[in-house]
There are 2 protein chains.
Amino acid sequence: MYHEEPKVQQNDLTVLRTSSLTGVIERELEHLILTGELKPGERLNEIQLSARFGTSRGPLREATRSLQAKGLVESIRNRGVFVRSVSPTEALEIYDVRAAIFGLAGRLLADLVTDQMLARLNAFLDQMDEIAASKNFDDYYPVNLAFHDYLVTSTGNATLVKEYKGFVNKLHLARARGLVQAGGLSVSNREHREMVDALASGNRERAQEAFFRHVERSKIRFRSTLNTGASA
Amino acid sequence: MYHEEPKVQQNDLTVLRTSSLTGVIERELEHLILTGELKPGERLNEIQLSARFGTSRGPLREATRSLQAKGLVESIRNRGVFVRSVSPTEALEIYDVRAAIFGLAGRLLADLVTDQMLARLNAFLDQMDEIAASKNFDDYYPVNLAFHDYLVTSTGNATLVKEYKGFVNKLHLARARGLVQAGGLSVSNREHREMVDALASGNRERAQEAFFRHVERSKIRFRSTLNTGASA
DNA sequence: TCGATTGCTATTGTAGGCAATAAACAATGG
DNA sequence: CCATTGTTTATTGCCTACAATAGCAATCGA
């Protein structure tokens, strides 16, 4: 008991010391947006939200400015701040840029890959195969996410990681957001194996192309579901 | 006289109507940072700057939050906001990501390229050859910039353009900033021709690789000037 | 009835003020 | 002489208050 108390308190203090109130609000808002509690197009009422967080409007406004720069909200003067709504066109653009960045991850990893890393990746593949076989698609999504996260993080390129995650977040604001996930669900694990095999070969260009194409195929799936006029 | 007065006033009003004071300050600060008037590591004094812009501290703080999200400044609680200083390591990371994005530009352009576009690009190449021959390096840099800008913009992918420019800006904050330019100066126009040729071939992968490698070579030049221990 | 105009209200934009913090310096003790 | 502790000051963090704006509804005139 005595050992935990100071630790917890120190954590709280550290949080308040490191990140300002603005930072806390920003993360909170980002969470609300990404979980869909604040939906695309919805206005962020300053008074209402600052009351909810128990602060004044100042820090909240600073937080929204930051989110605006990150592309999660847009601000219209004298009208307010709104959760961004990513159009299908922009979503397609983002898929391309994300493909390029993910491709870079493949290229970099081809030079960094170790046996240990390959073992970990194969474990991921097996796990996803298993889940896919059981048709338990709700379990597939998080593992798939962890797989991609592991790959991107393993490059050791912090700039790349940050960018990649930013785009993944933005895609959550795409209209017909469900389609983004739907596209991912039908991903055959074959593409993943191609990526891992390319890494194992140590061939930079091949790995880059495999990673790039994986995202491009997601894009194509996204687009085709769009055309069929499916709705949420 | 009478005809101009209202127009000027309307321009001012339009600017203030469209973008808030925060937006104006943000652009102004970004300019100060990128031109080097505010140097990496330097603190942005709120009182001083808000007095300079003739506003209160609120809008200024919002502007700096936005710049923070863009990676141009960093904020330390209770200490202030500082112009970011990009380490050599981070600069190398940025070069890689920029290469990936620029490579995507090449890939996209390979499918979009027209004779008219090729003519324009060849005009750029000739112009740069000319300048290089005259050894007037100060003229080379802006044309080189315009060349790259033209390429990126021609993709029609606004997300790509925004990202690319963001990274170019960030690289301006790299320590030994002169080296970034110095690296560019010695660029042989041959690389540029390779890029244009790749576009003319219409081969996606080839174009992507040519564009990618062009930036990678810049990175290598940057790194080598770093290792020789050259200083500003 | 319809359109324009004019007030009203909710909300954002900006300003300025007080409290809290950190860095620099002075004072004190060993 | 050095280390440590108290004090001062510049500066940031946050809040409250006021001004300005946009959207809306009611009113007025045709």
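Per chain, numbering begins at 1; letters A, B, ... match sequence-line order.
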| said: I need the single residue from B:Tyr141, B:Tyr140, B:Phe124 that forms a ring-ring contact (aromatic ring centres under 6.0 Å, His included) with B:Phe147. Which is it? | reply: B:Phe124
| said: Nearest whole Å is fine: how far is D:dC14 P from B:Glu46 CD? | reply: 11 Å
| Nearest to side-chain heavy atoms of A:Asn78, which nucleotide of D:dC14, D:dT21, D:dT12 | D:dT21
| request: Write down the distance between CD (A:Gln48) and P (C:dA10), rounded to a whole number of angstrom. | output: 14 Å
| message | Salt bridge or not between A:Glu216 and A:Lys219? Use side-chain N to carboxylate O under 4.0 Å. | response | yes
| Would you say a side-chain N or O of B:Ser56 is under 4.0 Å from OP1 or OP2 of C:dT14? | no
| said: Using the side-chain heavy atoms of A:Arg77, tell me which of these nucleotides is nearest: C:dT11, D:dC14, C:dG13. | reply: C:dG13
| query | Of B:Phe222, B:Phe212, B:Phe102, which is the lone residue that meets ring-ring contact (aromatic ring centres under 6.0 Å, His included) with B:Tyr95? | reply | B:Phe222
| field | Residue whose closest nucleotide on DNA chain D lies nearer the 5' end, B:Val81 versus A:Gly54 | value | B:Val81
| Closest to the A:Arg43 side chain, choosing from C:dT12, D:dT21, C:dA15 | C:dT12
| task | Please determine if a side-chain N or O atom of A:Asn45 lies less than 4.0 Å away from the OP1 or OP2 oxygen of C:dT11. | result | yes
| task | May I have the distance from B:Arg61 (atom CZ) to C:dG16 (atom C1'), rounded to whole angstrom? | result | 14 Å
| D:dT21 OP1/OP2 closer than 4.0 Å to side-chain N/O of A:Arg79 | no
| message | Suppose we call a contact any N or O donor and acceptor under 3.5 Å apart; does that hold for the side chain of B:Arg57 and the base of D:dG13? | response | yes
| said: Tell me the interatomic distance from B:Leu21, atom CG, to D:dT21, atom C1', rounded to whole angstroms. | reply: 15 Å
| message | My understanding is that only one of A:Glu30, A:Glu26, A:Arg61 makes a side-chain hydrogen bond (donor to acceptor under 3.5 Å, both in side chains) with A:Ser66; could you say which? | response | A:Glu26
